[in-house]
Amino acid sequence: MRVRVKDICFFSLCLMAAATAISLLFIIIGYILWHGAPAINFAFLTEGSRDFGAAGGVFYQTTGTVLLMFTAGLIALPIALGTVLFSHVYLGPSYKKTTDLFIYALNGVPTIIFGLLGYIIIGEGLHLGVSWVTGSIILAVMILPSMAVSIDEALSAMPHKYRDAALVLGLGRWHLIRTLLLPRSLPGVLTGLFLGLARAAGETAAIMFTATAFSGVGLPRGISEPVATLQTHILVLAGEATNPRALTNAWGAALILVTLVLALSLTAMFIRRQVRMEAEI
Amino acid sequence: MSELFRLTKTSLYFGNTPVIHEANLTIKNGGITCIIGPSGAGKSTLLRSLNRMNDLIADFHHKGTIMYNNRDIYDKGLRLEGLRREVGLVFQKPCLFPGSIHDNVIFGIRHIREKKKEGFKVIAERTLKAVGLWDEVHNRLDSPAIGLSEGQAQRLAIARALAVGPKTLLLDEPTSSLDHRSARAIETLVKELGRTMTIVIVTHKLEQAKALADDVVFICEGKICEAGEAANIFSHPENIETRCYIEGSPPLDPTLPYPE
């Protein structure tokens with residue numbers, strides 16, 4: 001009887017925790033939708049902002065966010081893939097554990113530190129300033145661990161018998177990578193890429209110092225120019241705008257950003273689910 | 001016949017545990033050599049050491065020398081990939097890659113330029129015919145290999161190993177997971193292959209060893225108890241452990257023909 005009571009209590013606690021988490025997500029999305037939806041129209045999506053965000057749209061900011069996000073992804077992906085393949089193919093198990101430790105440690109660094117270091121080392125040290133390229137490099141470093149972990153999971157899930165069956169045929173390490181590991185890690189690569197992009201899209205602190213400017217910025221003409229982003233746009237409007245119209249536009253920008261992040265996360269989840277289903281076959 | 005492998009004071013370890021202890025052994029070039037012995041004796045470990053497949057296991061290390069064609073297989077100048085292409089190995093359980101039957105056969109040669117010239121389809125047909133699988137699969141070469149039966153899968157695994165063009169084929173209990181009929185098909189195939197290449201096969205089925213072997217290596221508790229011509233060992237085993245092991249099974253009847 002006492003065991004049964006404990007079971008019920010534990011079940012209720014878990015249910016409450018799950019309900020809190022899910023309802024929080026719905027409350028946040030609902031709140032953003034409620035306040036941001038009035039701002040969304042064709043002009044808002046296709047025009048640049050005017051009057052310090054009180055008029056116009058968020059075309060430059062949306063484009064800037066996507067540009068930063070994809071450039072960061074392009075930089076991070078080969079590094080993450082290379083790191084994981086190197087640790088899987090060339091390193092022994094003990095060295096692999098050390099590499100994994102570094103990757104997890106990198107994941108735990110506060111994003112503001114990345115921003116500060118990026119500003120000092122890349123922006124000032126390499127004279128790249130506040131620019132598209134500086135922000136992309138910093139975001140790439142930030143999303144590198146989540147990409148690496150995702151690719152590593154995909155490769156670790158592959159039974160050793162496949163590797164043995166390939167190596168026993170006299171395949172070299174490069175051929176092992178090309179014929180077996182790369183095709184096998186593709187779903188993990190895609191999952192990691194989308195999760196990384198979602199994280200990059202949502203990041204504000206790191207790019208505040210390194211990539212973005214609020215006003216007077218359109219589309220960048222080169223990688224050394226700053227970009228406007230949705231994140232900074234929302235931050236500045238929410239903190240400084242006095243015009244109610246500007247605040248509504250900030251909510252509109254938030255709605256676009258949340259939609260972007262959710263779409264990327266859902267895509268990553270979908271791919272991961274497909275991978276699991278294939279692994280179970 | 002010349003010697004193909006020579007093991008001198010070879011010990012094989014997983015961690016600190018010796019699985020094979022100071023083995024001295026010669027395996028002849030050509031014919032079929034069967035490695036027999038009770039479970040856990042170290043048969044598979046010994047077999048896998050001949051093309052350095054044990055190296056993939058984290059805590060494996062060895063002592064002594066293993067010579068292949070008069071060359072130390074741990075020589076720094078030796079290309080491991082080249083050794084494994086010359087000394088193929090088929091595992092106990094067939095491991096087929098996701099993909100078609102054709103893709104599986106040519107998996108090991110897709111990157112070899114010289115093989116490309118000959119044509120993958122030609123090689124696939126030749127090796128599938130060699131393992132007696134061509135008639136069963138020729139009209140579904142592009143179908144997933146995963147649909148094959150266990151016996152067919154094992155023959156496909158042998159075809160995949162043969163496609164690389166090895167001079168020696170190591171077989172690690174290739175029939176242990178197969179039904180009687182499939183096992184017979186593999187045994188016939190091994191007998192056939194043994195006429196043109198060196199086969200080293202691990203088996204715990206004494207009847208199989210009797211039917212196939214030209215030479216026999218008997219291992220017990222990590223030691224090579226006896227090695228030599230199959231007929232001699234099965235009829236007059238010198239070592240007491242070999243005798244006990246062999247007498248535990250029906251005696252060899254050399255008058256019985258090999259079932260085709």
Side-chain angles (χ1 to χ4, degrees), chain A residues 84-101 151-191 271-281, chain B residues 47-48 50-61 79-99 103-113 115 127 144-147 153 156-172:
Chain A
V84 175
L85 287 174
F86 181 73
S87 73
H88 268 265
V89 179
Y90 295 96
L91 292 182
S94 53
Y95 290 108
K96 187 184 174 307
K97 275 181 193 167
T98 313
T99 317
D100 293 348
L101 190 71
I151 298 167
D152 184 61
E153 276 177 5
L155 285 184
S156 299
M158 183 173 73
H160 277 279
K161 63 178 184 175
Y162 288 122
R163 198 166 314 173
D164 289 0
L167 288 173
V168 83
L169 296 169
L171 261 69
R173 284 169 170 168
W174 162 239
H175 290 114
L176 176 73
I177 289 171
R178 206 184 66 185
T179 55
L180 194 68
L181 299 185
L182 270 182
R184 190 76 189 180
S185 66
L186 189 64
V189 171
L190 291 175
T191 308
I271 296 170
R272 182 169 285 188
R273 192 166 147 258
Q274 291 297 111
V275 175
R276 281 200 184 135
M277 279 163 68
E278 276 176 27
E280 281 164 10
I281 291 171
Chain B
L47 187 84
R48 288 170 62 105
L50 298 179
N51 69 349
R52 291 183 52 183
M53 279 305 284
N54 285 324
D55 293 10
L56 300 174
I57 300 165
D59 54 354
F60 171 80
H61 62 105
R79 280 195 70 231
L80 186 54
E81 294 82 22
L83 172 74
R84 287 181 181 152
R85 277 203 284 274
E86 275 198 30
V87 184
L89 190 149
V90 175
F91 299 109
Q92 191 173 343
K93 285 193 173 177
C95 169
L96 302 182
F97 297 108
D103 289 347
N104 265 275
V105 181
I106 64 156
F107 193 90
I109 55 169
R110 275 192 300 190
H111 61 283
I112 302 174
R113 207 170 293 155
K115 298 273 183 188
T127 48
I146 206 143
L156 181 57
I158 296 173
R160 189 174 60 194
L162 291 176
V164 181
K167 291 174 181 161
T168 305
L169 192 61
L170 314 174
L171 299 157
D172 188 3

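Per chain, numbering begins at 1; letters A, B, ... match sequence-line order. All values below come from the heavy atoms of this structure, side chains included, with hydrogens, waters and symmetry mates left out.
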Donor-acceptor contacts, no H, no angles, side chain residues 159-180 of chain A, under 3.5 Å, sequence neighbours left out:
unit_1	atom_1	unit_2	atom_2	d
T179(A)	OG1	H175(A)	O	2.5

- Task: Name the member of E81(B), R79(B), R52(B) that forms the most heavy-atom pairs with chain A at distances under 4.5 Å.
- Result: E81(B)
- Note on the structure: Ordered numerically, the heavy-atom neighbours of chain A under 4.5 Å found in residues 89-96 of chain B are L89(B), F91(B), C95(B), L96(B)
- Name the region of R48(B), side chain, backbone, both or neither, that has any atom closer than 4.5 Å to a heavy atom of chain A. side chain
